[in-house]
Amino acid sequence: MRQPGNGRITILFNAFEGPPRILRLWGKGTVYEFGTPEYNDFIPPSNRKAGSRAIIVIDVHKVGTSCGFGVPLYKYETQRTILERWCDSMENFDCDDKPQQAPPPYDSQALVKDPRGIKAWWTAENLESFDGLPALQHAHDSSISPVNTFDKKAPHPSLGQIRATAPKKAGESNANSKSSSGETIRLMMAFGMGVVVTAGYMKFATSLVPVSWKV
């Protein structure tokens with residue numbers, strides 16, 4: 001994205017449920033980092049996820065689809081919360097009022113509020129890509145304190161806890177399905193018995209009609 005004269009980006013979508021399909025979006029992207037007016041226009045503090053450091057606005061010039069026949073089926077369980085928890089814990093250190101110079105190994109002239117904060121992490125880890133291309137340019141130097149929507153008091157069950165409750169829910173669903181099937185069978189049997197009884201009664205009643213009444 002930040003390579004001079006490049007800016008190309010491709011977004012790939014896979015269908016892991018339902019009919020197979022792969023969708024690709026080709027375009028050129030523009031990066032707006034945390035602390036810039038453009039970033040705040042797209043993601044105001046009231047909507048920001050913990051750890052969010054930039055957005056990419058893509059000018060799409062081509063869309064393509066392919067069969068996706070080789071894409072396996074996957075079952076979605078839940079979103080992981082560990083990244084938000086971790087980033088939120090670091091952002092808490094950037095919300096005090098005592099800026100200080102970033103210590104080694106954070107090679108930056110920016111004043112960060114705490115070496116344990118997320119801006120210090122961005123300075124150490126996100127100023128360039130793995131292959132040495134430029135990455136963050138402004139977010140780590142921003143004087144704006146990060147605000148996010150992570151709710152520390154909300155329940156955040158682990159994946160193990162979610163999986164432990166899944167068989168119980170599946171059992172309840174199966175029980176409800178069996179109960180519904182049983183009700184349908186009983187209803188059909190009752191209807192059939194009603195037809196048989198009605199037909200028998202009509203035959204019996206007809207047999208009692210005098211011969212002179214019959215056409």
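All values reported here derive from a predicted model rather than from experimental measurement.
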At their closest point, which heavy atom of [X] faces which heavy atom of [Y], and how far apart are they?
| X | Y | result |
| --- | --- | --- |
| Gly35 | Ser142 | CA-OG, 3.6 Å |
| Ser66 | Arg21 | O-CD, 3.4 Å |
| Pro115 | Ala120 | O-CB, 3.4 Å |
| Cys95 | Ser145 | CA-OG, 4.3 Å |

Should [X] and [Y] be regarded as members of a common hydrophobic cluster, given that ILVMFWY residues are connected when their side-chain heavy atoms come within less than 4.5 Å of each other, either directly or indirectly?
| X | Y | value |
| --- | --- | --- |
| Ile144 | Leu136 | yes |
| Phe42 | Phe34 | yes |
| Val71 | Leu23 | no |
| Phe150 | Phe93 | no |
| Ile9 | Ile22 | no |

Can you confirm whether [X] sits close enough to [Y] that some side-chain heavy atom of one is under 4.5 Å from a side-chain heavy atom of the other?
| X | Y | result |
| --- | --- | --- |
| Asp94 | Pro146 | yes |
| Arg53 | Trp121 | no |
| His140 | Asn126 | no |
| Cys87 | Ile118 | yes |
| Leu25 | Phe13 | yes |

With sequence neighbours left out, the residues meeting side-chain contact (heavy atoms from CB on, under 4.5 Å) with Asp151 are Lys153, Ala154
Using a 6.0 Å cut-off, check whether atom [atom1] of [X] has over 12 heavy atoms from anything other than its own residue.
| X | atom1 | result |
| --- | --- | --- |
| Arg80 | CZ | no |
| Ile82 | CD1 | no |
| Tyr76 | OH | yes |

Q) Ring centroid separation for Tyr39 and Tyr32, is it under 6.0 angstrom? A) no
Hey, could you give me the [atom1]/[atom2] distance between [X] and [Y], rounded to the nearest 0.5 Å?
| X | Y | atom1 | atom2 | result |
| --- | --- | --- | --- | --- |
| Glu84 | Thr149 | CD | OG1 | 6.0 Å |
| Asn40 | Asn47 | CG | CG | 11.5 Å |
| Ile43 | Ile55 | CD1 | CD1 | 5.5 Å |
| Asp141 | Thr123 | CG | OG1 | 6.5 Å |
| Trp26 | Leu12 | CH2 | CG | 9.0 Å |

**Item:** Check: Glu91 side chain, Val147 main-chain N or O, donor-acceptor pair, under 3.5 Å
**Value:** no
Is the side chain of Thr36 donor-acceptor paired with the backbone N or O of Glu33 at a distance under 3.5 Å, no angle test?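 Side chain of Thr36 to backbone of Glu33: a pair is present.
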ask   = In terms of ring plane angle, is the pair Phe16 and Tyr74 parallel, tilted or perpendicular, where the classes change at 30° and 60°?
value =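 Perpendicular: the ring planes of Phe16 and Tyr74 meet at over 60°.
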Residue pairs passing the side chain to side chain donor-acceptor pair (under 3.5 Å) test with at least one member in residues 7-19, sequence neighbours excluded, are Asn6-Arg8
